[in-house]
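Being a predicted model, the structure only gives us computed values, none of them experimental.
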Protein chains: 2
Amino acid sequence: MRESTALDQMICFQLYAASRAMTALYRPHLEPHGLTYPQYLVLRVLWHDGPTTIRDLGRTLKLDSGTLSPLLKRLETQGHITRVRATHDERTVWIHPTDTGHALQTAIGDLTQELVCATGLTVDELTQLHTLLHRARGTGNTTPPEEPV
Amino acid sequence: MRESTALDQMICFQLYAASRAMTALYRPHLEPHGLTYPQYLVLRVLWHDGPTTIRDLGRTLKLDSGTLSPLLKRLETQGHITRVRATHDERTVWIHPTDTGHALQTAIGDLTQELVCATGLTVDELTQLHTLLHRARGTGNTTPPEEPV
DNA sequence: CGCAATTTAATTGTGCACAACTGATTGGTG
DNA sequence: CACCAATCAGTTGTGCACAATTAAATTGCG
């Protein structure tokens, strides 16, 4: 029964450890391009959605400006994005992927197969895991998973 | 089919987001005691196992000395632990919980119910999630979940 | 219109994570 | 015994996360 009393702990630590382990799987594929995993997530949003505001990036990735501002500044320094303040509402800043930013998409390629194999889970299990994880965040959040997620 | 091509991405982001969301659930319960979530994990190991070496803490929590050394220094400053270098092998350092460190266990109490409810998942689903997460780390790792995990 | 509340991005400060390295200690092997 | 490789903790540097604050722009309401 102490299994059940420690259940939340175990879930939380498993999440914490699994998240870091998964990020570690990406690292060797991203580091050659000078990217971190959060930077890669930002680029995925830009690849998928095109130019995006910092506000929307924050809502998609669940990160605040305290995290995104310096991260985007680094991506800009690397030449992967540009930052343009909107003219009609000067509070918002638009993030545009540059040509080199777009080029990274093909340069990095599709990491799916390799990483799915690394987990050792079947596609069914991964789908199951995905559903449980999504449900575990926001209570009663019934909206389907978004891209690029 | 683009669902499946983005599957690893989605899983990885879900892990990343769910882990941070879960940590955020703990924060209001730990912050009054001046603890962070990683510090709380260390204390849970000490509450469960008693005095432990830094090496074993690192293996249990999957953290290296670069993370643990300053973290433990902060726990020592707060008076929750002591650091004692072993006499028979002066490379290893033993971490002992102090009385105030032990007292935190009852002061913080059991957060299980509250956090399980916050996820909105059933016990069965949490068990399922736990199993999948554990399997997703280490390929072919068939050892059962450890404490405190 | 005038002004307070809200929105947005940026900044500051703290604490992880993790790579790379240092330095001390230990164990094993010739 | 001498020496070399391995082990262990600590340090340094970079980049997230996140709370709290700041400042500018916008919105809404009287």
Legend entry - Contact nearer the 5' end of DNA chain D, comparing B:Arg59 with A:Leu63: B:Arg59
Legend entry - Those residues of residues 66-85 of chain B lying under 4.0 Å from DNA chain C by at least one heavy atom: B:Gly66, B:Thr67, B:Leu71, B:Arg74
Inset, instruction - Side-chain contact test, heavy atoms from C-beta onward, threshold under 4.5 Å: evaluate it for B:Leu15 versus A:Thr23 and give yes or no. - result: no
Inset, instruction - Using a 4.0 Å heavy-atom cut-off, write out nucleotides 22-28 of chain C from 5' to 3' as B (base contacted by protein), S (sugar-phosphate only) or - (no contact). - result: ---BS--
Legend entry - Main-chain N/O of A:Trp47 paired with A:Gln105 side-chain donor or acceptor, under 3.5 Å: no
Inset, instruction - To the nearest Å, give me how far apart CG (A:Asp56) and C1' (C:dT7) are. - result: 13 Å
Legend entry - Exercise: identify the closest heavy-atom pair between A:Leu68 and A:Leu63: CD1-O, 3.9 Å
Legend entry - Any A:Thr119 side-chain heavy atom under 4.5 Å of A:Met22 side chain: yes
Inset, instruction - Report the relative orientation of the aromatic rings in A:His130 and A:His134; use parallel for angles under 30°, tilted for 30 to 60°, perpendicular for over 60°. - result: parallel
Inset, instruction - Remember a base hit wins even if backbone is also touched, and classify A:Thr92 as base, sugar-phosphate or nothing at under 4.0 Å, heavy atoms. - result: sugar-phosphate
Legend entry - Pair A:His80, A:Gln39: side-chain N/O donor-acceptor within cut-off below 3.5 Å: no
Inset, instruction - Answer with base, sugar-phosphate or nothing: what part of the nucleic acid does B:Ser65 contact at a heavy-atom distance below 4.0 Å? - result: base
Inset, instruction - Can you tell me the distance, in whole Å, between the CG atom of A:Leu25 and the C1' atom of C:dC18? - result: 15 Å
Inset, instruction - Keeping the roles fixed (side chain from A:Thr127, backbone from A:Val123), state whether a donor-acceptor pair exists under 3.5 Å. - result: yes
Inset, instruction - State plainly whether one hydrophobic cluster holds both A:Trp94 and A:Leu75, where clusters connect Ile, Leu, Val, Met, Phe, Trp and Tyr through side-chain heavy atoms under 4.5 angstrom apart. - result: no
Legend entry - Where chain B begins and ends its contact with DNA chain D, read 5' to 3' at 4.0 Å from heavy atoms: D:dT7 to D:dA19
